[in-house]
Number of protein chains: 2
Amino acid sequence: MSEGSVSDKTVARLSLYRRLLSDLLNQGIRNVYSHQLASAAGVTAAQVRRDMMAVGYSGTPVRGYSVPDLIESIGNLLDSAQAQSAALAGLGNLGRAITAYFAGRRPKLAIVAAFDNDPYKVGRVINEVECFHINDLGPIVEQRNIRVAILTVPASEAQQVADMLVRAGVKGVLNFAPVRLRVPPDVYVENMDMAVCLEKVAFFARQGRTTAEAPS
Amino acid sequence: MSEGSVSDKTVARLSLYRRLLSDLLNQGIRNVYSHQLASAAGVTAAQVRRDMMAVGYSGTPVRGYSVPDLIESIGNLLDSAQAQSAALAGLGNLGRAITAYFAGRRPKLAIVAAFDNDPYKVGRVINEVECFHINDLGPIVEQRNIRVAILTVPASEAQQVADMLVRAGVKGVLNFAPVRLRVPPDVYVENMDMAVCLEKVAFFARQGRTTAEAPS
DNA sequence: ACAACATCGTTACAGATTTCACAATATCGA
DNA sequence: TCGATATTGTGAAATCTGTAACGATGTTGT
Ligand SMILES: NC(=O)c1ccc[n+]([C@@H]2O[C@H](COP(=O)([O-])OP(=O)(O)OC[C@H]3O[C@@H](n4cnc5c(N)ncnc54)[C@H](O)[C@@H]3O)[C@@H](O)[C@H]2O)c1
Ligand SMILES: NC(=O)c1ccc[n+]([C@@H]2O[C@H](COP(=O)([O-])OP(=O)(O)OC[C@H]3O[C@@H](n4cnc5c(N)ncnc54)[C@H](O)[C@@H]3O)[C@@H](O)[C@H]2O)c1
């Protein structure tokens, strides 16, 4: 199904659109125009319509887009047929915040296992997620067919833990450690680099650069 | 001083380079080639050399770049002359993790005040940062000349708190709430949208897209 | 029934960003 | 001293990304 190549940026915007559309649906709004969605997302109307080409969904003039139908169409592109599972490595300050945030939020993409090397955490259930010892990562990730991981271990451990994840079959990593991971070319890594982002903000705050950022 | 227009992406990469260079310096390495820095950062050597043009620093053939000199040159571009101060709004799970992470790390860009509306937190010092009541935000931000803020309040409160920050003179916001903030055009907003990023990772993990991401 | 209208889908364009390619050059070894 | 060599800096080409423009189209009001 679907296009072989949807760009990075487009995927990010579609995910954002979907969240905005869900908000609209909760407000009882069932139709939306490209310029309305654009305004909510902070992009141009042309951008929204262009992104819709990737989805393959067509609205109608005068009515615009059907909110529930569009949510479903975006889901057809972004979501996998069967639910995906994610693992989290490193249940420290950030790891716990993240598990709390995602707990019970996405049925199609949930954190189903956490790993740490701190014996005090292993065996406990934190924010609805069971914590295992890092040494058991391989078998558990393989058994549960986990392909997505969130990496929140200290920078010094990040590469080593990433290697374990990759060996166990993980194909996508959301990396919070301020380190560039070395992974095989078929593994996708997204770096959330807070230090870099904060320096960016500080720089442009000083420069007075006119705002507006696409979703990271 | 310096160029009027350095791109978004270039600023992010320069911040990354600087961190990598600091690591090298700690290892006692005092010279580096563009292809080495490129490999560490996950970009091409041509990209590194192109970014150096924005900095205005020149290396020499055969020797490459001087690590300490390059760190200084990047600092001349990225850092402000006098230290910048940042505020954090919302000392919840994520806010506490972030203050812990940045505590005592950057002398030139430190979190110097936190704000919350939870009376239990107000008045306490958490991770070396004093917590004030959100209602006192305006005067304190103005007095301390704070221009940069990190926003980690619940999504429902984000716009309102952002308005307070902007009124107090903040010109750059690192926003973690899954909401698109409305701010005047002279205020720079960087969205760290974890939900969007996780969906991106899940999507490309499935697609088998060949990796490699620029710094966010 | 049909004209007026606002919006959609798509193609063509423009701008930004990255990569390529190569002349210029500083250093090392003979 | 001087040639050999690997690297730099940068103009030009290529690619990626977003914007603009416009014909096509469905709806509404009369
Ligand atoms: N806290 C933040 O806001 C923040 C911001 C930016 C980046 N980061 C990065 O995120 C990562 C985690 O940050 P944190 O503040 O949560 O740190 P933390 O020290 O609170 O948590 C790290 C966790 O990883 C566990 N751990 C250590 N070694 C391990 C190993 N080999 N295998 C499995 N688990 C291991 C520790 O037991 C701990 O629970 C770090 O790389 C940090 O640089 C954090
Ligand atoms: N925790 C995560 O990993 C994570 C991930 C992605 C996004 N986010 C977003 O970050 C934000 C914070 O997340 P969290 O998990 O820390 O939530 P949290 O509920 O733990 O923390 C929110 C904090 O904000 C304070 N607060 C509430 N209203 C306020 C107001 N009007 N003024 C000042 N302070 C106020 C609360 O007292 C609390 O301390 C949310 O918008 C969340 O969606 C969090």
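Residue numbers start from 1 in every chain, and the chains themselves are labelled A, B, ... in the order their sequence lines are given, proteins ahead of strands.
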To the nearest Å, how far apart are [X] [atom1] and [N] [atom2]?
X	N	atom1	atom2	value
A:Tyr33	C:dC5	OH	C1'	11 Å
B:Met53	C:dT18	CE	P	14 Å
B:Asp51	D:dG9	CG	C1'	13 Å
B:Arg49	C:dC22	CZ	P	14 Å

Item to check | Check against side-chain contact (heavy atoms from CB on, under 4.5 Å), A:Phe115 and A:Leu88 | outcome: CA-CA 6 Å; A:Phe115 300 94; A:Leu88 182 141; over 6 Å; no
Checklist entry - When you match B:His35 and B:Arg50 each to their closest nucleotide on DNA chain D, which lands nearer the 5' end? => result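 That would be B:His35.
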Next on the checklist: Using heavy-atom distances to pick each residue's nearest nucleotide on DNA chain D, tell me which of B:Tyr65 and A:Gln47 is more 5'.
Outcome noted: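 Nearest nucleotide further toward 5': that of B:Tyr65.
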Item to check | Lys NZ or Arg CZ of B:Arg63 over B:Tyr65 ring: under 6.0 Å, within 45° | outcome: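 Checked: cation-pi criterion not met.
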Item to check | Neighbour count >12 (heavy atoms, 6.0 Å) for atom CZ, B:Arg147 | outcome: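 No, the 6.0 Å shell around CZ holds no more than 12 heavy atoms from other groups.
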Checklist entry - In this structure, which one of B:Ile146, B:Asn127, B:Ile98 forms a side chain to side chain contact (heavy atoms under 4.5 Å, CB included) with B:Ile111? => result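 The option that passes is B:Ile98.
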Check every strand shown and say whether [X] touches a base, only sugar-phosphate, or nothing at a heavy-atom separation below 4.0 Å.
X	result
B:Ser7	sugar-phosphate
A:Arg63	sugar-phosphate
B:Ser58	sugar-phosphate

